[in-house]
Amino acid sequence: MAVRHYTLDFNLTAPADCSATLKGLQSVFQEQEMTEAIHNLEDHGYLATYIGKNGRFAILRIHPHGFVSIDLQSCEGSDNTEAYNLLNALEEKMKDLLHNNIKRIKRLPAIVRGGAVDRYWPTADGRLVEYDIDEVVYNEDSPYQNIKILHSQQFGNILILNGDVNLSESDLPYTKAIMGSGKEGYTGKEVLILGGGDGGILHEAVKLKPKMITMVHIDQMVIDGCRKHMRKTCGDVLDNLNGDCYQVLVEDCVPVLKKYAEEGRTFDYVINDLTAVPISTAPEEDSTWEFLRLILDLSMKVLRPSGKYFTQGNCVNLTEALDNYEEQLGRLYCPVEFSKEVVCVPSYMELWMFYTIWKK
């Protein structure tokens, strides 16, 4: 059974009278038949706990610097009206007790913890987003990663890989941006897609009448899940791994790129839809940076002199990571130039950086 976690915060203009506050709130909790336990934390204020017979649990924290927080937990199956009534009573009592000492009152929507459907996912820069997710559509572990497809009332089905929001059915702006934002002519061209297991890039690229598209994706289970549950994104292109103007190779892209480079095979466009720019610059992330450099170097080797390489960057707030990525571009085997574009990706709920790279 899930737990609903309510929060009620009071920012004060001056420290609260701890004894008076505790005594004043006592009657509210007693009406709810909640047992009280008070802890004097000396220089760190007071902490009080209140436990009800119905499993409801509250924590009152009075901080010495002028902040009071109330956390209330109740089982999701219980009457939510009772929880709201308790919070309302506590808020009104605090207003009476503190008079003009309150600078700000903040009550957040309840967080549902331990629910059957996980609605909370972090943005790239560490902020918590609550999605309007109402159903787990697909949840499987492949040899490479955990694959989830969750349904959002607003965004449609969302592909989540290893806890990272990848793409939703409403994220056409992402797909357009990583293909050059409509500024490129794909007709009669040869295209290489690295990753892209959701089928979105392939679906849009086929419409532009290229000569041939080769897509290399390592995880068949991602393709299978998206073929069934991300139809608004991929259309019917994943129904068969070979079409009139495309082929899908279920392989690791690194050996494929090395083979193409050795054979001298080249492409007009290389679209990298693999991992985003690493967020961390710590030593343990070195292998990820090395992987990105390897992909970049190999991609440049299979890119025609007049060709272009498209890739995602990361959230625009991660300026250090993006700067480090741009530094990597100066360390490739051949000199390159690049341009940047910022696009709002709907389901990411943040601005996202995209790169276009070409040989000098």
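Here the structure is a predicted model, which means the values were calculated and not measured. Computation of the quantities below employed the complete heavy-atom set of this structure, encompassing side-chain atoms and omitting hydrogens, waters and symmetry-equivalent molecules.
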Check whether any side-chain heavy atom of [X] lies under 4.5 Å from a side-chain heavy atom of [Y], and answer yes or no.
X	Y	result
V302	R265	no
Y355	L322	yes
L25	L97	yes
M94	T21	yes
R56	L86	yes
Q328	L292	no
E184	F310	yes

Which residue pairs pass the side-chain hydrogen bond (donor to acceptor under 3.5 Å, both in side chains) test when at least one of the two sits in residues 59-72, sequence neighbours left out?
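Residue pairs passing side-chain hydrogen bond (donor to acceptor under 3.5 Å, both in side chains), neighbours aside: H5-D71.
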Sorted by first residue and then second, give each side-chain hydrogen bond (donor to acceptor under 3.5 Å, both in side chains) pair with at least one member in residues 186-203; sequence neighbours left out.
E190-R304
Within the distance-only criterion (no hydrogens, no angle test), does the side chain of [X] pair as donor or acceptor with the backbone N or O of [Y] below 3.5 angstrom?
X	Y	value
Y348	N166	yes
E350	A124	yes
N162	Q145	no
K148	V136	no
N101	T13	yes
Y120	V112	yes
D171	S347	yes
K232	N157	no

Linking Ile, Leu, Val, Met, Phe, Trp and Tyr by side-chain heavy atoms under 4.5 Å, what else ends up with L47?
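Result for L47 is L41, I51, F57, I59.
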Hydrophobic side-chain clustering at under 4.5 Å (ILVMFWY, transitive links): who's grouped with L161? Put none if nobody.
V137, Y138, I147, I149, L159, M221, V222, M230
Check whether the side chains of Q247 and T214 place a donor and an acceptor atom closer than 3.5 Å, and report yes or no.
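Looking only at side-chain atoms, T214 and Q247 do form a donor-acceptor pair, the distance falling under 3.5 Å.
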Are there over 12 heavy-atom neighbours, none belonging to [X], within less than 6.0 Å of that residue's [atom1]?
X	atom1	value
R127	CZ	yes
E130	CD	yes
H44	NE2	no
K176	NZ	no
N100	CG	no

Taking T311 as the fixed residue, which of D273, N272, L274 is the one that meets the side-chain contact (heavy atoms from CB on, under 4.5 Å) rule?
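With T311 as partner, D273, N272, L274 yield a single side-chain contact (heavy atoms from CB on, under 4.5 Å), made by N272.
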Are E262 and K258 ion-paired here, with the side-chain N under 4.0 Å from a carboxylate O?
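Between K258 and E262 there is no salt bridge, as every charged N stays at least 4.0 Å from the carboxylate O atoms.
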Can we say D96 and K93 salt-bridge, meaning some charged N sits less than 4.0 Å from an Asp/Glu carboxylate O?
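Looking at D96 and K93, the cut-off is not met.
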ring-ring contact (aromatic ring centres under 6.0 Å, His included) assessment of Y84 paired with Y6
CA-CA 9 Å; Y84 288 121; Y6 304 86; 5.6 Å; yes
For residues 336-344, run the donor-acceptor check on the side chains, cut-off 3.5 Å, and write out each pair with its distance to 0.1 Å, sequence neighbours left out.
unit_1, atom_1, unit_2, atom_2, d
E337, OE1, W358, NE1, 3.1
K340, NZ, E326, OE2, 3.2
E341, OE1, S181, OG, 2.6
E341, OE2, S181, OG, 3.1

Only pairs at least two apart or in different chains count here, so list each ring pair (Phe, Tyr, Trp, His ring centres under 6.0 Å) that has a residue in residues 235-260.
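Residue pairs with at least one partner in residues 235-260: Y260-F267.
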